[in-house]
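Here is how names work: the chains are called A, B, and so on, in the same order as the sequence lines, proteins then strands, and each is numbered from 1.
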Amino acid sequence: MTIKTRFAPSPTGNLHVGNIRTALHNWMFAQKEGGTFLLRLDDTDAERSKEEYVDAIRADLAWLGLASDEEQRQSARFDRYAEHLAKLKADGRVYPAYETAQELDLKRKIQLGRGKPPIYDRAALDLTAEQVAAYEAEGRKPHWRFKLDHDTPITWTDLIRGDQNFDPALLSDPVILREDGSWLYMLPSAIDDIEMGITHVVRGEDHVANTAVQIQMFQALGAKPPEFAHEALLVGTEGKLSKRLGSLGVSSFREKNIEPQAIVALLARIGTSDPVEPIADVAQLIATFDFARFGRAPARFDDEELAQLNQKIVHLLDYEDVKDRLPETMDAEAWAVIRPNLHDMGDVDQWWRVVTGPVSQPEFSPEDHEFLAVAHDKLEELEASSDLWKDLTGALKEATGRKGKGLFMPLRQALTGLDHGPDMNALLPLIGREVALERLLKANS
RNA sequence: GGCCCCUUCGUCUAAGGGUUAGGACGCGGCCCUUUCACGGCUGAAAUACGGGUUCGAAUCCCGUAGGGGUCACCA
């Protein structure tokens, strides 16, 4: 059987780390099994869904390299939902209710106040024809609820959480259609999963109770429920599900010069028994993907960990990978010299300036001035094709008797303006003999 | 409050009755490097607490504490 997964965001905002992780796992699982990955835009909420978010979601997934094999939109499928609703009405699996949001809210508060779970009391089921007529006369229109079968316990074997059991009597009959005719997420999602042939639903554990309800919907719709995998949520470093985490999106990572490979590598493994490793090749990540390796406790997402992983990923990137983002004059050789000193790609310009200039040199002592003057003369004697740094330091050692730090530090400072950086042996040829001579001269002016 | 899930080094986790409680990241030290970084080696570091069961418990049972989720006319 070929598998099919789906990522179903609602375009009411930007994707955040949690969403991205879910999308990634759905994509990875499909990749691993040779199945298909569906991007389904759950835009039943016309009020809050925005086209700009649809575009942003597509762009974010593309940036991360998560290509979808198929795309669907719920807003294009309202007719299908209506057909199924008609059937459910005929089967007596849905019922109209007339409470207002305020009335329901009040009921819940009373239940909670009495220490009882705030479950819908099914009052609408006991409405007499007169009461309904009275509501209609008032101009009230019903919303519709799905009627859970209290006599059938809900069970499934979750790919991550194992055997699950729910007592349907402890769940509220979900509202599926508002009085204005707009759909809520529950039923359309189940219908789509059936009609689009979804075999595996991978989502956060905040959906576990929804799954219980939807399993009965699958059954009421005459379909076999797909497999479910509910992954533990991500929490912030404080151990709480933070607001900050909820708003941390792809754009914020991009601003901080985080590579998509770093995000993918971290999110693919965080909370699993596989170690988080700097793996830039997603195929390797896919190879080890296994629901059995997912932990059930919430995992911590740490920006610092991401930043460190990102650094290692950057050190793995080939020239071809980053070419487009480098200064035009920077070639593969230069990349190789500078790469090990990068914290992230944002550092490239800083190091490239060391080569292209201008550099701002520190104040030198009179002794160093003298030393640098000798350095200038010695460098002038060298051929451009020679082993610049070795020959220069060798000649200087002989001429001045300096060695160690006293030898190379003034040179480094004069030539780069900094007291640290890439290996001078590799860096000096990039700077070039002529420019180096100019800088040594300038250090003495 | 009801229901569901969870608790092992700082972090992510391995070990489903007998292990010097293992690994990875981070941290410390050493080496390499005529700088910093990279890299290599090495070290410190954990079974939430309290009761049981058992010859023996991180592992099984009960309780306590803590964490997460959910109980929407959001998804």
J.: Between atom CD in A:Gln308 and atom C1' in B:A37, what is the gap in whole Å?
T.: 14 Å
J.: For B:C60, does the O4'-C1'-N9-C4 (purine) or O4'-C1'-N1-C2 (pyrimidine) torsion place it in syn, i.e. within 90° of 0, or in anti?
T.: anti
J.: Take the protein atom CD of A:Gln413 and the nucleotide atom P of B:U34, then report the distance between them rounded to whole Å.
T.: 18 Å
J.: Let's see if you can work this out: which of B:C71, B:U35, B:A72 has an atom nearest to the side-chain heavy atoms of A:Phe408?
T.: B:U35
J.: Please list, pair by pair, any protein nitrogen or oxygen found under 3.5 Å from a nitrogen or oxygen in nucleotides 38-43 of chain B.
T.:
none

J.: Base, sugar-phosphate, or nothing: which does A:Pro422 touch, judged by heavy atoms less than 4.0 Å apart?
T.: base
J.: By the 4.0 Å heavy-atom rule, please label A:Asp423 as base, sugar-phosphate, or nothing.
T.: base
J.: Closest approach to the side chain of A:Trp389, judged atom by atom: which nucleotide of B:G69, B:G1, B:U34 is it?
T.: B:U34
J.: Counting any heavy atom closer than 4.0 Å, what does A:Asp302 reach on the DNA or RNA strands: base, sugar-phosphate only, or nothing?
T.: nothing
J.: Let me know the distance between CD of A:Glu205 and P of B:G67, rounded to the nearest Å.
T.: 16 Å
J.: What's the shortest heavy-atom distance between A:Gly346 and A:Asn257, and which atoms?
T.: CA-ND2, 3.5 Å
J.: For a quick check of understanding: with a heavy-atom distance under 4.0 Å over all strands, which category does A:Leu104 fall into, base, sugar-phosphate or nothing?
T.: base
J.: Is any side-chain nitrogen or oxygen of A:Thr100 closer than 4.0 Å to OP1 or OP2 of B:C73?
T.: no
J.: Mind checking if A:Arg145 touches a base, just sugar-phosphate, or nothing, with heavy atoms under 4.0 Å?
T.: sugar-phosphate
J.: Can you tell me if the side-chain N/O atoms of A:Arg40 get under 4.0 Å from OP1 or OP2 in B:A75?
T.: no
J.: Between A:Glu47 (CD) and B:C73 (C1'), how many Å, whole number?
T.: 13 Å
J.: For A:Leu184, answer base if it contacts any base atom (sugar-phosphate contacts may also be present), sugar-phosphate if it contacts only those atoms, and nothing otherwise; contact means non-hydrogen atoms under 4.0 Å.
T.: sugar-phosphate
J.: Could you check whether A:Arg325 pairs with A:Glu259 (Lys NZ or Arg NE/NH1/NH2 to Asp/Glu carboxylate O, under 4.0 Å)?
T.: yes
J.: For nucleotides 47-49 of chain B, list the nitrogen or oxygen atoms of the protein found under 3.5 Å from its nitrogen or oxygen atoms, one pair per line.
T.:
none

J.: How close or far is atom P of B:U70 from atom CE of A:Met186, stated in whole angstroms?
T.: 12 Å
J.: So, is the end of the A:Arg402 side chain (NZ or CZ) under 6.0 Å from the ring centre of A:Phe371 and within 45° of the ring's axis?
T.: yes
J.: Is A:Lys4 salt-bridged to A:Glu70, cutoff N-O under 4.0 Å?
T.: yes
J.: Among A:Asp45, A:Asp43, A:Thr44, exactly one meets side-chain hydrogen bond (donor to acceptor under 3.5 Å, both in side chains) together with A:Ser75. Which residue is that?
T.: A:Asp43
J.: Mind calculating the distance between CE (A:Met409) and P (B:C36) to the nearest angstrom?
T.: 8 Å
J.: Tell me what A:His207 touches on the nucleic acid: a base, only sugar-phosphate, or nothing, going by heavy atoms under 4.0 Å.
T.: base
J.: Give the ring-plane orientation class for A:Trp156 versus A:Phe166, where under 30° counts as parallel, over 60° as perpendicular and anything between as tilted.
T.: parallel
J.: Between C1' on B:G69 and CD1 on A:Ile160, what's the gap in Å once rounded to a whole number?
T.: 14 Å
J.: I want to know whether A:His420 and A:Trp351 have ring centres closer than 6.0 Å.
T.: yes
J.: With no hydrogens and no angle check, is any side-chain donor or acceptor of A:His143 less than 3.5 Å from a backbone partner on A:Ala97?
T.: yes
J.: Run the salt-bridge test on A:Asp79 and A:Arg77 with the 4.0 Å N-O cut-off and return the result as yes or no.
T.: no
J.: Check this for me, if you would: do A:Arg300 and A:Glu305 make a salt bridge, where the nitrogen-to-carboxylate-oxygen distance has to be below 4.0 angstrom?
T.: no
J.: Salt-bridged, A:Asp192 to A:Arg73, with N to O below 4.0 Å?
T.: no
J.: Could I get a table of every N or O pair under 3.5 Å where one atom is in the protein and the other is in nucleotides 10-14 of chain B?
T.:
from: B:C12; atom 1: OP1; to: A:Arg300; atom 2: NE; distance (Å): 3.4
from: B:C12; atom 1: O2'; to: A:Gly271; atom 2: N; distance (Å): 3.2
from: B:C12; atom 1: O2'; to: A:Thr272; atom 2: O; distance (Å): 3.2
from: B:U13; atom 1: OP1; to: A:Gly271; atom 2: O; distance (Å): 3.3

J.: Watson-Crick or G-U wobble partner for B:C25, using a 3.5 Å limit on both distances?
T.: B:G10
J.: With the 90 degree cut-off around zero defining syn, does B:G16 come out syn or anti?
T.: syn
J.: Do A:Asp206 side-chain and B:A75 base share a donor-acceptor contact under 3.5 Å?
T.: no
J.: Taking the nucleotide of RNA chain B with the nearest heavy atom to each, does A:Asn341 or A:Arg114 sit closer to the 5' end?
T.: A:Arg114
J.: Should A:Glu136 and A:Lys141 count as an ion pair when the cut-off is N to O under 4.0 Å?
T.: no
J.: For the side-chain hydrogen bond (donor to acceptor under 3.5 Å, both in side chains) test, which of A:Arg293, A:Arg269, A:Glu277 pairs with A:Thr288?
T.: A:Arg269
J.: Check this for me: does any side-chain nitrogen of one of A:Arg58 and A:Glu71 sit under 4.0 Å from a carboxylate oxygen of the other?
T.: yes
J.: For B:A45, what is the paired nucleotide under Watson-Crick or G-U wobble rules, both distances under 3.5 Å?
T.: none
J.: Using both distances under 3.5 Å as the test, list the Watson-Crick or G-U wobble partner of B:U59, or none.
T.: none
J.: From the list B:U34, B:A75, B:A72, which nucleotide is the closest neighbour of the side chain of A:Arg108?
T.: B:A72
J.: B:C3 P sits how many Å from A:Leu148 CG, rounded?
T.: 18 Å
